[in-house]
2 protein chains.
Amino acid sequence: MRHALRISYRGTDLAGWQRQDNAPTVQEHVERALTRLAGSTVSVVGSGRTDAGVHARAQVAHVDLESPLPCKALVLGTNTLLPDTIRVLSAARMPGDFHARFSAVGKRYVYRWSTEPVVSPLEALLRAALDARADLDLMAEATRVFVGRRDFAAFANAGGAHTTSVREVTRCELVRDGSHLELIVEGEGFLKGMVRSIAGTLVEVSVGRMALDDLAELFEGGERSQAGPTAPARGLCLERVFYPPELEALDVFPVGAAWS
Amino acid sequence: MRHALRISYRGTDLAGWQRQDNAPTVQEHVERALTRLAGSTVSVVGSGRTDAGVHARAQVAHVDLESPLPCKALVLGTNTLLPDTIRVLSAARMPGDFHARFSAVGKRYVYRWSTEPVVSPLEALLRAALDARADLDLMAEATRVFVGRRDFAAFANAGGAHTTSVREVTRCELVRDGSHLELIVEGEGFLKGMVRSIAGTLVEVSVGRMALDDLAELFEGGERSQAGPTAPARGLCLERVFYPPELEALDVFPVGAAWS
């Protein structure tokens with residue numbers, strides 16, 4: 001029986017989503033917890049990977065369970081077996097052809113900075129520090145360059161598996177609230193390290209190390225080294241995974257009403 | 001030379017503010033760091049204690065330094081010697097009679113809850129979970145009972161040193177933003193555990209375990225056991241310490257401009 005899970009994690013001390021040897025990953029923790037709960041091996045398929053140190057407000061994964069289990073029991077039971085940096089927020093029974101990765105039509109990432117001279121420990125786990133000299137207006141202007149269907153090769157870190165580096169970014173927007181600065185990026189799919197490379201490039205523009213006018217040519221066969229550095233993982237969060245209306249309409253990921 | 005420090009800490013793994021044997025406290029960490037930086041013993045005097053697990057956005061302390069040190073160097077130098085759960089946000093030279101505790105005229109605490117069925121690990125360090133059945137309107141109404149000059153004996157945990165349990169609460173207000181619920185409490189001074197006892201009592205009212213009408217008699221010689229339980233430390237944060245206008249006017253605690 002196929003189930004979708006909405007999973008949130010604080011990535012600080014985790015080695016990312018994807019199962020790997022000798023490092024604590026989210027996928028492995030959730031698989032272990034579910035296997036123990038279900039009494040038989042459970043594989044967890046996520047909507048995509050997140051890198052070490054990156055957070056998720058709502059990653060989505062699917063699992064197949066042999067025996068039926070009420071969704072509430074599934075959520076609460078799994079959570080008692082997970083470290084407190086990982087929580088299943090909700091679960092829902094899904095059509096058998098639902099696939100966390102292949103059914104997804106888009107994702108929203110948010111990159112967070114603080115513009116305080118010293119970032120409070122209350123915020124430092126989820127925010128990177130932004131240089132006080134950063135020109136935020138210039139930074140906001142630069143976000144526009146990234147919207148559209150482009151070759152993001154210059155923004156892809158090594159190690160990703162992709163046949164083309166062309167991606168469509170449908171939203172790239174800077175939101176400011178006092179000393180809190182958030183970059184919201186949405187798109188159908190992303191290359192490895194792409195959002196953090198965009199964030200790092202925006203920082204370069206904001207402090208005058210890169211010119212706004214030079215950004216366009218990064219999309220004309222630019223090398224990774226020409227774009228800005230990869231921004232620190234701590235600032236990045238996978239906020240949401242989007243699915244087609246007919247799946248969302250099934251109330252797949254109820255917020256605040258997970259107990260169906 | 002007297003200096004004031006604005007200090008922020010994530011209390012999760014700290015044993016509170018006050019120096020003690022065999023446990024990591026904020027006061028001890030800051031004293032050790034400053035002593036190492038200054039090359040001679042430095043004592044740190046805080047505006048008051050916070051309990052184990054409680055956070056501070058801006059605790060205030062004063063220190064006397066033998067040799068002058070630019071405030072920026074004091075902040076940055078101290079921070080390199082502190083664990084990442086504690087940061088000095090800013091420093092300022094103060095008149096010799098400034099006293100972090102005795103010059104203070106009030107404090108603002110905030111207690112935070114999440115009303116999500118499962119609290120995300122992105123928020124769980126700073127928010128307690130609130131029962132989904134809580135009646136928030138009733139809870140908001142109950143906050144009014146706490147405003148004024150009252151005998152808070154029923155809200156004081158054992159171990160505090162005070163000659164009278166009468167305190168004046170000048171603000172007690174519930175603010176809701178989606179699934180985020182914040183209780184803002186201001187007053188001249190607080191008894192040990194007082195804000196968490198108020199928070200715990202409000203929860204009892206919200207879920208119907210205590211009647212709104214019965215709260216008033218808690219101030220008429222009520223016992224600690226009659227009020228609600230002490231709410232979890234993780235939800236409480238010392239947000240701000242207030243000083244008289246003439247001291248605030250000295251730009252003692254510049255926010256976002258700490259480099260004087």
Side-chain angles (χ1 to χ4, degrees), chain A residues 5-14 26 29 54-59 71-72 74-76 78-80 82-91 110 112 114-127 129-130 132 178-180 234 236-239 254-260, chain B residues 5-14 26 29 54-59 71-72 74-76 78-80 82-91 110 112 114-127 129-130 132 178-180 234 236-239 254-260:
Chain A
L5 305 176
R6 213 163 40 110
I7 302 170
S8 184
Y9 44 93
R10 190 168 70 241
T12 317
D13 297 320
L14 293 164
V26 182
H29 276 300
V54 172
H55 319 286
R57 184 168 304 275
Q59 166 71 288
C71 285
K72 183 172 179 175
L74 181 60
V75 171
L76 297 183
T78 311
N79 284 338
T80 62
L82 286 170
D84 65 7
T85 52
I86 305 173
R87 281 291 174 272
V88 176
L89 301 181
S90 64
V110 173
R112 295 180 167 84
S114 166
T115 58
E116 292 285 346
V118 177
V119 182
S120 161
L122 301 182
E123 312 200 322
L125 288 178
L126 305 181
R127 289 182 189 276
L130 185 67
S179 62
H180 289 178
R234 62 168 54 202
L236 186 63
C237 183
L238 171 58
E239 288 286 320
V255 176
W259 308 133
S260 59
Chain B
L5 305 176
R6 215 162 41 108
I7 302 170
S8 185
Y9 44 92
R10 190 168 70 240
T12 317
D13 297 319
L14 294 164
V26 182
H29 276 300
V54 171
H55 318 286
R57 184 168 305 273
Q59 166 72 288
C71 285
K72 183 173 178 174
L74 180 61
V75 171
L76 297 183
T78 309
N79 283 339
T80 62
L82 285 170
D84 65 7
T85 51
I86 306 173
R87 281 291 174 270
V88 176
L89 301 180
S90 64
V110 173
R112 295 181 167 83
S114 166
T115 57
E116 292 286 347
V118 177
V119 183
S120 161
L122 302 183
E123 312 200 323
L125 288 178
L126 306 181
R127 290 184 187 273
L130 186 67
S179 62
H180 289 178
R234 63 169 54 204
L236 186 62
C237 183
L238 171 58
E239 287 287 318
V255 176
W259 310 132
S260 59

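We use all heavy atoms of the structure for the numbers below, so side chains are in, but hydrogens, waters and symmetry mates are not. Chain identifiers are assigned alphabetically (A, B, ...) following the order of the sequence lines, protein sequences preceding nucleic acid strands; residue numbering begins at 1 within each chain.
Looking at B:Ala56, the atoms closer than 4.5 Å to chain A (heavy atoms on both sides) all sit in the backbone: N, CA, C or O. Contact annotation for A:Thr85: only backbone heavy atoms (N, CA, C, O) come within less than 4.5 Å of a heavy atom of chain B. Looking at B:Leu122, the atoms closer than 4.5 Å to chain A (heavy atoms on both sides) sit in the backbone and in the side chain alike. Looking at B:Ile7, neither its backbone nor its side chain comes within 4.5 Å of chain A, counting heavy atoms on both sides.
Rounded to the nearest 0.5 angstrom, B:Leu126 CG and A:Leu126 CG are separated by 8.5 Å.
A:Val118 and B:Leu89 get closest at one heavy-atom pair: O-CD2, 3.7 Å.
Salt-bridge formation is not detected for the pair B:Arg87/A:Glu123: no Lys NZ or Arg NE/NH1/NH2 atom is positioned less than 4.0 Å from an Asp or Glu carboxylate oxygen.
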